[in-house]
Amino acid sequence: DGIAILNESSGQFKKIQIDSSLGLAVKSNLVVHLYAASDGNVWVGSTTGLYTINPSTFKVNTFIDHPLGKIAGTRVNDFLEDASGGMWIATFDGVYHYNQSARQLEHFTSKEGLGANRCFTLTLSKRGDLYVTTQAGFSIISNGKITSFDQSNKLKYQLCNGILEDDDGNIWIANYKCVIKFDPVGK
């Protein structure tokens, strides 16, 4: 039912009223993912796009007339901020990278080598590689180059929907049938 704020002293929730005329991203109450960015804003992924909320003022930014407005109407599943302040965004239309300082938006899809355009989760490895889970395996974006893994190169099940890196640098990938340990060095 959208987003609500808990008043800890009263134990009551207060629903944030979002003006649906602000754009397509806020028309859906189905929130898929929340991300607290380094600038303090909360990034919200919904079934119809993305927006941010300032947690102090509750001001909503739907990125109308902004490069990120291109994502309106697309399901957003995950966010990940990199060391340079860029925001990676996993969607059902591939992965986007928004360079905030340059206000530039890059778009990566299966045409560029992603396993599929339906992307679920993101993780950034200690080596600086971005891992993306998709409905057809997982992909690694490293220095602008994409490498994908699916059933054609030893992945037992296509759908991958969870990912993390352990302390030893191994990548763990989850799907509905098993958990996979991937060694990025030994591959």
Next item on the list: Please answer whether the main-chain N or O of S148 pairs with a side-chain N or O of N153 as donor and acceptor at a distance below 3.5 Å.
Entry: yes

Next item on the list: Find out whether P184 and Y131 are in side-chain contact, i.e. whether some heavy atom of one side chain is under 4.5 Å from a heavy atom of the other.
Entry: yes

Notebook entry, point to check: With D65, which residues qualify under side chain to side chain contact (heavy atoms under 4.5 Å, CB included), at least two apart?
Noted result: none

Next item on the list: Hey, could you give me the CD1/CG distance between I171 and D183, rounded to the nearest 0.5 Å?
Entry: 9.5 Å

Margin query: Tell me whether N99 contacts the main-chain N or O of R103 through its side chain, where contact means a donor paired with an acceptor under 3.5 Å.
Written below: no

Margin query: Let me confirm one number: the CD1-CZ distance from I173 to F138, rounded to the nearest 0.5 Å.
Written below: 3.5 Å

Next item on the list: Return the set of residues passing side chain to side chain contact (heavy atoms under 4.5 Å, CB included) with N61 (not counting sequence neighbours), or none when no residue passes.
Entry: T52, F63

Next item on the list: Could you tell me whether the side chain of Q158 and the main chain of Q151 form a donor-acceptor pair under 3.5 Å?
Entry: yes

Check: Nearest 0.5 Å, what's the CG-CD distance between D129 and E165?
Finding: 9.0 Å

Next item on the list: With sequence neighbours left out, write down each residue that passes side chain to side chain contact (heavy atoms under 4.5 Å, CB included) with N7, or none if nothing qualifies.
Entry: S9, S10

Note to self: To the closest 0.5 Å, what do you measure between NE2 (H97) and CG (L105)?
What the structure shows: 9.5 Å

Next item on the list: Only counting residues at least two apart or in another chain, list the ones meeting ring pair (Phe, Tyr, Trp, His ring centres under 6.0 Å) with F120.
Entry: F92

Next item on the list: Would you confirm whether N170, through its side chain, and K181, through its main-chain N or O, come within 3.5 Å as a donor-acceptor pair?
Entry: no

Next item on the list: Flag the pair L30 / S46 as yes when at least one side-chain heavy-atom distance between them is below 4.5 Å, and no otherwise.
Entry: no

Check: Considering residues, nucleotides and ligands other than K59, do more than 12 of their heavy atoms fall under 6.0 Å from its NZ?
Finding: no

Note to self: Would you compute the distance between atom OH of Y98 and atom CD of Q104 and round it to the nearest 0.5 angstrom?
What the structure shows: 9.5 Å

Item checked: Atom pair CD1 (I146) and CD1 (I140), whose distance is rounded to the nearest 0.5 Å -> 11.0 Å

Next item on the list: Using the test side chain to side chain contact (heavy atoms under 4.5 Å, CB included), find all partners of K177 that sit at least two apart in sequence or belong to another chain.
Entry: Y157, N175

Check: Do D78 and H33 meet the criterion of a side-chain donor-acceptor pair at a distance under 3.5 Å?
Finding: yes

Item checked: Residues clustered with W172, ILVMFWY side-chain links under 4.5 angstrom -> L164, V179

